[in-house]
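Just follow the structure's listing: the first ligand is 1, and inside any ligand the first atom is 1. All figures in this text were calculated on a predicted structure; none of them were measured in a lab.
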Amino acid sequence: MKNGGILILSGPSGSGKSTLCKYLQENIPDIYFSISTTTRAPREGEKNGKHYYFVSQVEFFNDIKENKFLEWAEVHGNHYGTSLGPIQEALALGKLVVFDVDVQGHRGIKNYYAGACSVFIATKNKQVLKDRLSSRQTDSEETIQLRLMHAYNEMKHIKEFDYLIINDDITTAKEAILCIAKSLPYKQDPDNSARLCKEWLENLS
Ligand code: ADP
Ligand code: 5GP
């Protein structure tokens with residue numbers, strides 16, 4: 001069976017996760033980007049069902065009650081959750097499944113899928129992050145300050161990740177993430193190797 005793999009991207013808000021996810025979506029044919037559910041208000045240009053499923057607090061907590069989430073967390077004062085159903089379907093089709101979640105989400109997904117590969121996306125310093133959040137022009141000054149305050153708390157988790165990309169030059173960062181994503185189908189998986197050994201013996205003519 002084809003194995004696309006699981007790739008988790010985390011890092012401070014503004015470090016470039018969405019930009020790199022978009023690049024992967026444009027360059028890997030069999031990819032499924034996990035669309036999270038959130039209580040955050042949509043930013044200009046964000047579409048329901050494409051970037052997120054935007055829901056009310058009540059709807060979000062109903063989804064928790066109905067056990068729809070593989071993991072969920074409160075991040076920067078809003079709630080975000082990853083639905084399990086669509087991920088299982090995409091994995092069964094052999095797709096590469098990509099997540100853009102915070103460090104709590106990373107832990108939750110790794111607990112569930114131990115073989116998942118994780119990449120921390122950082123900027124080289126706080127000033128660069130501040131400049132990027134400001135130039136993105138999607139958040140108020142108050143929201144930017146809140147995101148900057150949380151950034152260092154996220155940085156403290158870098159060592160829990162398999163890879164670190166310091167997103168300085170965007171071309172280099174894109175090359176790095178594509179390289180990691182393309183290597184995932186070749187990662188050892190106990191189920192696949194057992195199946196290969198079984199089929200390998202059976203196909204003797
Ligand atoms: P995140 O999804 O992590 O919050 P984004 O992908 O939205 O971050 O990136 C934040 C802003 O920084 C966006 O305006 C994006 O175009 C810009 N950006 C991303 N990577 C770089 C880079 N290497 N150099 C300059 N600007 C970048
Ligand atoms: P933003 O509001 O900038 O889109 O996202 C804010 C933070 O929430 C980012 O760190 C992003 O990775 C994280 N996030 C997005 N979706 C999820 C999710 O489903 N679960 C968790 N734990 N974090 C998420």
Side-chain angles (χ1 to χ4, degrees), residues 6-26 32-48 50-55 60 63-64 68-87 97-113 116 118-140 142-158 160-161 165-177:
I6 300 177
L7 182 61
I8 309 167
L9 304 191
S10 296
S13 181
S15 59
K17 301 177 300 295
S18 313
T19 307
L20 295 175
C21 277
K22 186 164 173 278
Y23 181 71
L24 288 179
Q25 285 174 290
E26 288 162 359
Y32 173 76
F33 174 67
S34 168
I35 304 166
S36 299
T37 300
T38 184
T39 58
R40 162 165 86 61
R43 293 183 184 130
E44 207 181 308
E46 281 186 332
K47 291 200 172 64
N48 191 38
K50 183 175 178 205
H51 299 93
Y52 281 107
Y53 295 110
F54 296 99
V55 298
F60 193 91
D63 283 356
I64 296 177
K68 287 200 180 150
F69 295 134
L70 157 56
E71 65 77 34
W72 67 270
E74 187 178 341
V75 191
H76 312 138
N78 296 303
H79 288 91
Y80 297 83
T82 305
S83 298
L84 184 56
I87 292 153
V97 176
V98 179
F99 298 90
D100 172 346
V101 293
D102 83 325
V103 293
Q104 306 169 76
H106 165 247
R107 208 172 303 128
I109 296 166
K110 275 264 193 178
N111 279 339
Y112 200 87
Y113 292 114
S118 60
V119 185
F120 193 94
I121 314 294
T123 54
K124 65 180 173 190
N125 57 45
K126 192 173 176 183
Q127 186 61 48
V128 170
L129 190 68
K130 187 171 187 288
D131 294 344
R132 290 205 188 143
L133 283 171
S134 303
S135 63
R136 190 165 69 180
Q137 295 186 318
T138 53
D139 300 298
S140 66
E142 192 191 347
T143 303
I144 291 176
Q145 286 310 324
L146 185 68
R147 282 165 186 254
L148 277 173
M149 248 170 55
H150 283 117
Y152 189 64
N153 287 333
E154 298 250 319
M155 299 286 289
K156 288 186 205 154
H157 293 270
I158 287 179
E160 296 163 22
F161 286 75
I165 296 178
I166 298 170
N167 176 17
D168 190 9
D169 171 57
I170 190 63
T171 308
T172 310
K174 283 177 174 173
E175 255 173 44
I177 199 71

Nearest-neighbour protein heavy atom for [atom], which is reported as residue plus atom name and distance:
| atom | value |
| --- | --- |
| atom 2 (O) of ligand 1 | S18 OG, 2.5 Å |
| atom 7 (C) of ligand 2 | V75 CG1, 3.7 Å |
| atom 16 (N) of ligand 2 | S36 OG, 3.1 Å |
| atom 20 (N) of ligand 2 | E71 OE2, 2.7 Å |
| atom 19 (C) of ligand 1 | T19 OG1, 3.7 Å |
| atom 10 (C) of ligand 1 | G14 O, 3.6 Å |
| atom 8 (O) of ligand 1 | G16 N, 3.1 Å |
| atom 13 (C) of ligand 1 | R136 CD, 4.0 Å |

(request) Supply the atom-to-atom distance Y52 OH to D100 CG, rounded to the nearest 0.5 angstrom. (result)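 Reported to 0.5 Å precision, the distance equals 5.5 Å.
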
(request) Find the distance between CG (L146) and CG (D139) and round it off to the nearest 0.5 Å. (result)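 The distance works out to 10.0 Å.
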
I'd like to know if the side chain of [X] and the backbone of [Y] have a donor-acceptor N/O pair within less than 3.5 Å.
| X | Y | result |
| --- | --- | --- |
| S15 | I121 | yes |
| Q104 | E74 | yes |
| T39 | N78 | no |
| K124 | D168 | no |

Indicate the atoms forming the closest heavy-atom contact of [X] with [Y], along with that distance.
| X | Y | value |
| --- | --- | --- |
| P12 | M155 | CG-SD, 4.0 Å |
| S10 | V103 | OG-N, 4.3 Å |
| D102 | A73 | OD1-CB, 4.3 Å |
| I165 | A173 | CG2-CB, 4.0 Å |

(request) Check R132, H150, R147 against S13 for a side-chain hydrogen bond (donor to acceptor under 3.5 Å, both in side chains) and give me the one that passes. (result)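 Answer after filtering R132, H150, R147: R147.
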
(request) Please confirm whether G11 comes under 4.0 Å of ligand 1, counting heavy atoms of the residue only. (result)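 Judged by the 4.0 Å heavy-atom criterion, G11 does not count as contacting ligand 1.
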
(message) Looking at ligand 1, would S135 count as a contact under a 4.0 Å heavy-atom criterion?
(response)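 Heavy atoms of S135 never come under 4.0 Å of ligand 1.
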
(message) I'd like to know whether ligand 2 has E154 as a neighbour, heavy-atom separation below 4.0 Å.
(response)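 Under 4.0 Å: no for E154.
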
(message) I'd like to know if H51 contacts ligand 2, where contact means a heavy-atom distance under 4.0 Å to any ligand atom.
(response)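 No, H51 has no heavy atom closer than 4.0 Å to ligand 2.
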
I need the atoms of ligand 1 closer than 4.0 Å to a non-hydrogen atom of [X], numbered in the order shown.
| X | result |
| --- | --- |
| P12 | 3 (O) |
| K17 | 1 (P), 2 (O), 3 (O), 4 (O), 6 (O), 8 (O) |
| S13 | 4 (O) |
| I170 | 20 (N), 22 (C), 23 (N) |
| D168 | 22 (C), 23 (N), 24 (N) |

Which of the atoms of ligand 2 are close to [X], meaning less than 4.0 Å from one of its heavy atoms?
| X | value |
| --- | --- |
| A73 | 22 (N) |
| K17 | 12 (O) |
| S13 | 3 (O) |
| R147 | 1 (P), 2 (O), 3 (O), 6 (C) |
| R40 | 1 (P), 2 (O), 4 (O) |
| G105 | 22 (N) |

(message) Determine whether E46 and R40 satisfy the following criterion, salt bridge (charged side-chain N to carboxylate O under 4.0 Å, His left out), listing intermediate values before the conclusion.
(response) CA-CA 11 Å; E46 281 186 332; R40 162 165 86 61; 2.9 Å; yes

(message) With respect to D100, determine whether any N or O atom, backbone or side chain, lies less than 3.5 Å from an N or O atom of ligand 1.
(response)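 Min N/O separation from ligand 1 is not below 3.5 Å for D100.
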
(request) Please confirm whether T82 comes within less than 3.5 Å of ligand 2 when only nitrogen or oxygen atoms on both sides are compared. (result)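 Between T82 and ligand 2 (N or O atoms, distance only) the closest approach is under 3.5 Å.
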
(message) Under 3.5 Å between any N/O of G81 and any N/O of ligand 2: does that happen in this structure?
(response)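 Yes; the residue has a nitrogen or oxygen that sits under 3.5 Å from a nitrogen or oxygen of the ligand.
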
Taking the minimum heavy-atom distance to [atom], which of [options] ranks first?
| atom | options | answer |
| --- | --- | --- |
| atom 22 (N) of ligand 2 | V101, D102, T37, L70 | D102 |
| atom 12 (O) of ligand 2 | T38, L9, D100 | D100 |
| atom 26 (N) of ligand 1 | R132, R43, R147 | R132 |
| atom 2 (O) of ligand 2 | Y53, Y80, Y52 | Y80 |
| atom 23 (N) of ligand 1 | D131, I121, N167 | N167 |

(request) Specify whether H79 and F60 have parallel, tilted or perpendicular ring planes, treating 30° as the upper limit for parallel and 60° as the lower limit for perpendicular. (result)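 Geometry flag for F60 against H79: tilted rings.
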
(request) Give the ring-plane orientation class for F161 versus F120, where under 30° counts as parallel, over 60° as perpendicular and anything between as tilted. (result)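 Because their plane-to-plane angle is over 60°, the rings of F161 and F120 count as perpendicular.
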
(request) Verify side-chain hydrogen bond (donor to acceptor under 3.5 Å, both in side chains) between Q127 and N125, making sure each step is shown before the conclusion. (result) CA-CA 6 Å; Q127 186 61 48; N125 57 45; over 6 Å; no

(request) Report yes or no: do S118 and H106 form a side-chain donor-acceptor pair below 3.5 Å? (result)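 Side-chain D/A pair, S118 to H106: present.
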
(request) For ligand 2, indicate whether the residue R43 contacts it via side chain, backbone, both or neither (heavy-atom separation under 4.0 Å). (result)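 It is the side chain that touches ligand 2; the backbone stays farther off.
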
(request) Among V97, I109, I6, find the residue that satisfies the side-chain contact (heavy atoms from CB on, under 4.5 Å) test when tested with I87. (result)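 The side-chain contact (heavy atoms from CB on, under 4.5 Å) with I87 is passed solely by V97 among V97, I109, I6.
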
(message) Are I35 and H51 packed together at the side-chain level, in the sense that at least one heavy-atom pair is separated by less than 4.5 angstrom?
(response)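 The answer is no; the side chains never approach within 4.5 Å.
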
